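Input: a single structure, listed below in structure tokens.
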Amino acid sequence: MSPAAKPILVLVVGQTPPPQHGQAAMIQMLVDGPLAGVKVLHLRMAFSDNMDQVGRFQLRKVFHLVYLIFAIAFMRVRFGPKILYYPPSGPNRIPLIRDTLLLLSTRWMFHRTIFHFQASGVSELMASLPGWQRVLAYRALGKPDVAIQLSPQAVSDAAYLHAKRVYFIPNAANDHASTRPAKTTLSGQPKRLLYLGTVCETK
């Protein structure tokens, strides 16, 4: 990009910590990290303050949804981003209703839509819905310009929604341990890897 070229504006609508979970952490990294030729405008979702509230109905979430719809419209008019980046929910009915209402109200304002499927499985839920609900959900989520999935082995939400382009980008994390002195291990002993993720029944 030449020095005189304007950066591409992307409106990122998504949760950042708290609560601390994979999707929120990845969106935080996206918002914080420099992207060549891209300027990120972040509108923070705040539906949940802790993990116990994730996926559950609360009246305040209805008011927050209305706020987000108006805030997206304001940012589209005020700053002019033409690309919407949005992380759809997983296979949970209440967040899918939220996504459907929000995207039906705002997605038409943007020239391009990027869906990042941090939580996979929404397509399986959509396939089980009654006909009219499935039609509304597909109208909100169907045919994104770009779909990002974590792995080819994940549920193929992008294919179900007929995404125009699909990219596979694994999650990443800052390696805070790299700045600490390595502990010596006895030769011949296997390395031990600690994986820390969200603890929930389905996992």
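Remember, predicted model here, so these are calculated numbers, not experimental data.
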Would you list the atom pairs, donor with acceptor, under 3.5 Å between side chains in residues 68-87 and any protein atom, with sequence neighbours excluded?
unit_1	atom_1	unit_2	atom_2	d
Arg76	NE	Pro81	O	3.2
Arg76	NE	Met109	O	2.8
Arg76	NH1	Pro81	O	3.3
Tyr85	OH	His116	ND1	2.7
Tyr86	OH	Asp99	OD1	2.5

Are Leu9 and Val146 joined in one hydrophobic group, where the rule is that I, L, V, M, F, W and Y side chains link up if heavy atoms are under 4.5 Å apart?
-> no
Looking at side-chain heavy atoms only, is the closest gap between Leu30 and Leu35 below 4.5 Å?
-> yes
Gln133 side chain near Arg93 side chain, heavy-atom distance below 4.5 Å = yes
Nearest non-hydrogen partners of Leu161 and Tyr138, listed with the distance | O-OH, 3.7 Å
Side chains of Val13 and Thr106: does their closest heavy-atom pair fall under 4.5 Å?
-> no
Any chance you could measure Gln23, atom CD, to Gln28, atom CD, to the nearest 0.5 Å?
-> 13.0 Å
Looking at side-chain heavy atoms only, is the closest gap between Ile94 and Arg98 below 4.5 Å?
-> no
Value for CZ (Arg134) from CG (Leu129), rounded to nearest 0.5 Å, stands at 7.0 Å
If Ile, Leu, Val, Met, Phe, Trp and Tyr residues are connected whenever their side-chain heavy atoms lie under 4.5 Å apart, and connections chain through other members, are Trp108 and Val135 in the same group?
-> no
What closest approach, in Å, do Ala163 and Ala147 show between heavy atoms, and which atom pair accounts for it?
-> CB-CB, 3.6 Å
State yes or no: do Leu96 and Leu104 share one hydrophobic cluster built from I, L, V, M, F, W and Y residues joined by side-chain heavy-atom distances below 4.5 Å, directly or via other members?
-> no
For the atom pair CG (Leu103) and CG (Leu136), what is the distance rounded to the nearest 0.5 Å?
-> 12.5 Å
Give the intermediate values and the outcome of side-chain contact (heavy atoms from CB on, under 4.5 Å) for residues Leu141 and Met126.
-> CA-CA 10 Å; Leu141 292 162; Met126 288 174 61; 3.9 Å; yes
Hey, does Leu150 have a side-chain heavy atom less than 4.5 Å from the side chain of Ser120?
-> no
Distance in Å, Gln118 CD paired with Ile148 CD1, rounded so as to fall on 0.5 Å steps = 8.5 Å
What do you reckon, is CZ of Arg107 surrounded by more than 12 foreign heavy atoms closer than 6.0 Å?
-> yes
To the nearest 0.5 Å, what is the distance between CZ (Arg44) and CD1 (Ile27)?
-> 10.0 Å
Residue pair Tyr67 / Leu43, side-chain heavy-atom distance below 4.5 Å = yes
Measure the CZ-CD distance between Phe117 and Gln149 for me, rounded to the nearest 0.5 Å.
-> 6.5 Å
Are the side chains of Ser151 and Phe168 in touch, meaning some heavy atoms are under 4.5 Å apart?
-> no
Of all heavy-atom pairs between Val166 and Ala158, which one has the smallest distance, and what is that distance?
-> CG2-CB, 3.7 Å
